[in-house]
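Everything below concerns the one structure shown next.
No hydrogens, no waters, no symmetry mates; every other heavy atom, side chains included, goes into these values.
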Amino acid sequence: MIMNEFAKNIWTVDGPCVNFFGFPYPTRMVVVHLLQSYDGDNNNGCAWIWSPVSLSDELAREVEEKAGPVKFIVSPNKIHHIFLKSWADRFPNATVYASPGLEKRRVAEGIKFNARFGMDEPKPPFSDEIDTVILSGSSVMDEVEFFHKATKTAIVCDFIQRFPEESVTGWKGMLMKLDGLVGEDGSTPREWRFSFWPFGKEELKRCRDAMLDWKAERMIVAHGSCACQD
């Protein structure tokens, strides 16, 4: 079994570490079983995939067995793209969502996007089940945050990172601690925080308040420990 149940109709899948400027970053994917099919072909729901990890035949089978046919594949930000193409090729009938800025990057060449997240884009069809907030105001990167309404689960990519103490060592671990990325509280990487100053601070506050309005009881993060309300 590869998929780990996080809450009802939500699973996480931990993938391999990837190198990010010399730092080994673990990867994590989220699978959600949506109750609606959104295509009219069946009433058994479908699978929604967030930030896909390395694809295998075993994982593909388990996703379809537990969550249904893959209908949506979403990229939360422009640096979470490595495994998108293999998933899009494996599930050609899925709607593949580009995060803001991703389509302009050379690394996205060959990925067939047929939808995108953006302020001027239509609301996603799955919005009755999963809400979205586009975290904007940064001069370097926007990120799409998600909220699964039924389980009150926030799904956050790089904006909040909370690595356990025992997982970070050496000088790299020291830098991560100085950045506030280690421990239960977690934080945003320092260089990204600085990118909101000075002109994006009000927009960041607006996005933060929208996320707080979710009143989430659980949180899945891409990097580090997830959280559940006691």
Strictly distance-based, threshold 3.5 Å: is any side-chain N or O of S37 a donor or acceptor partner for the main-chain N or O of G45?
no
* To do: Answer yes or no: is there a donor N or O on one side and an acceptor on the other, between the side chain of E62 and the main chain of M3, under 3.5 Å?
  => yes
Check whether any side-chain heavy atom of L204 sits under 4.5 Å from a side-chain heavy atom of W197, and report yes or no.
no
- Specify whether F72 and Y97 have parallel, tilted or perpendicular ring planes, treating 30° as the upper limit for parallel and 60° as the lower limit for perpendicular. tilted
Taking every heavy atom of C157 against every heavy atom of N77, the minimum-distance pair comes out as SG-ND2, 3.6 Å
Nearest heavy-atom approach of A47 to V63 is CB-CG1, 4.1 Å
* With a cut-off of 6.0 Å (strictly less than), are more than 12 heavy atoms of other residues, nucleotides or ligands near CD of E202? -> no
**Message:** Check whether H33 reaches the backbone of N9 with its side chain - one donor and one acceptor, N or O, closer than 3.5 Å.
**Reply:** no
Any side-chain to backbone donor/acceptor pair from R28 onto V221? Under 3.5 Å, distance only.
yes
Residues K71 and N93: closest non-hydrogen pair is NZ-O, 4.4 Å
Hydrogens and angles aside, do S187 and R193 bring a side-chain donor and acceptor to less than 3.5 Å of each other?
yes
To the nearest 0.5 Å, atom CD1 of I155 lies from atom OG1 of T132 at 11.5 Å
The reported gap from CD1 in I79 to CZ in R105 (rounded to nearest 0.5 angstrom) is 7.5 Å
Aromatic contact, F91 with W87 (centres under 6.0 Å):
yes
When T153, V13, I220 are each screened for side chain to side chain contact (heavy atoms under 4.5 Å, CB included) with V30, the one that passes is I220
Test side chain to side chain contact (heavy atoms under 4.5 Å, CB included) on C228 and F6 and set out the steps.
CA-CA 9 Å; C228 290; F6 182 79; 3.8 Å; yes
d(N44 CG, Q36 CD) to nearest 0.5 Å is 13.0 Å
Value for CD1 (I130) from CH2 (W48), rounded to nearest 0.5 Å, stands at 4.0 Å
Any chance NZ of K205 has more than 12 other-residue heavy atoms, nucleotides or ligands included, within less than 6.0 Å? no
message = Do F147 and L212 land in one hydrophobic cluster if side-chain heavy atoms of ILVMFWY residues count as linked below 4.5 Å?
response = no
- Determine, stepwise, if the pair E184 / R162 fulfils salt bridge (charged side-chain N to carboxylate O under 4.0 Å, His left out). CA-CA 6 Å; E184 290 187 1; R162 50 197 307 272; 5.3 Å; no
CG of L55 to CD1 of I49, rounded to nearest 0.5 Å, is 9.5 Å
* To do: Could you tell me whether the side chain of S56 and the main chain of L59 form a donor-acceptor pair under 3.5 Å?
  => yes
Smallest heavy-atom separation, Y38 atom then C46 atom, equals CD1-SG, 4.0 Å
* Asked: Between K149 (side chain) and S127 (backbone), is there a donor-acceptor pair under 3.5 Å?
  -> yes
Strictly distance-based, threshold 3.5 Å: is any side-chain N or O of D142 a donor or acceptor partner for the main-chain N or O of P100? no
So, are R206 and E203 salt-bridged, with charged N and O less than 4.0 Å apart? yes
One should read off an interatomic distance between S225 OG and M219 CE, to the nearest 0.5 angstrom, of 9.5 Å
Query raised in the report: Given the rule in the side chain to side chain contact (heavy atoms under 4.5 Å, CB included) test, do S136 and C207 qualify, once you have shown the distances and angles that lead to the verdict?
Result: CA-CA 7 Å; S136 55; C207 298; 4.0 Å; yes
Nearest heavy-atom contact between A98 and E103 is CB-CG, 3.6 Å
Q.
I'd like to know if M141 and V107 are part of one continuous hydrophobic network [Ile/Leu/Val/Met/Phe/Trp/Tyr, side-chain heavy atoms within less than 4.5 Å].
A. no
Q) Does S99 reach the side chain of P76, with side-chain heavy atoms less than 4.5 Å apart? A) no
Show, in sequence, the C-alpha distance, side-chain angles and deciding distance for W214 and F146, and conclude whether the ring-ring contact (aromatic ring centres under 6.0 Å, His included) test is met.
CA-CA 10 Å; W214 286 337; F146 300 90; 8.6 Å; no
Assess the residue pair L102 and H81 against the criterion (side chain to side chain contact (heavy atoms under 4.5 Å, CB included)); give the C-alpha distance rounded to whole Å, side-chain angles, the decisive distance to 0.1 Å, and a yes or no.
CA-CA 8 Å; L102 176 55; H81 59 78; 3.9 Å; yes
**Q.** Backbone N/O of L35 and side chain of E129: donor-acceptor pair under 3.5 Å
**A.** yes
Is the shortest heavy-atom distance from the side chain of M211 to the side chain of R208 under 4.5 Å? no
- Query: Does the E143 side chain pair with the main chain of D158, one donor and one acceptor, at a distance under 3.5 Å?
  - Reply: yes
Quiz prompt | D57 and R90 ion-paired at < 4.0 Å | solution = yes
> Hey, are the side chains of K66 and V31 touching, using non-hydrogen atoms and a 4.5 Å cut-off?
Replying inline: no
| query | Judged by atom type as modelled, is there a donor-acceptor pair below 3.5 Å linking the side chain of R218 to the main-chain atoms of A154? | reply | no
Note: W11 and A67 closest approach over all heavy atoms is CZ3-CB, 3.9 Å
Parallel under 30°, tilted from 30 to 60°, perpendicular over 60°: which one fits the rings of H80 and W50? tilted
Heavy atoms, side chains only, cut-off 4.5 Å: are K112 and V96 in contact?
-> no
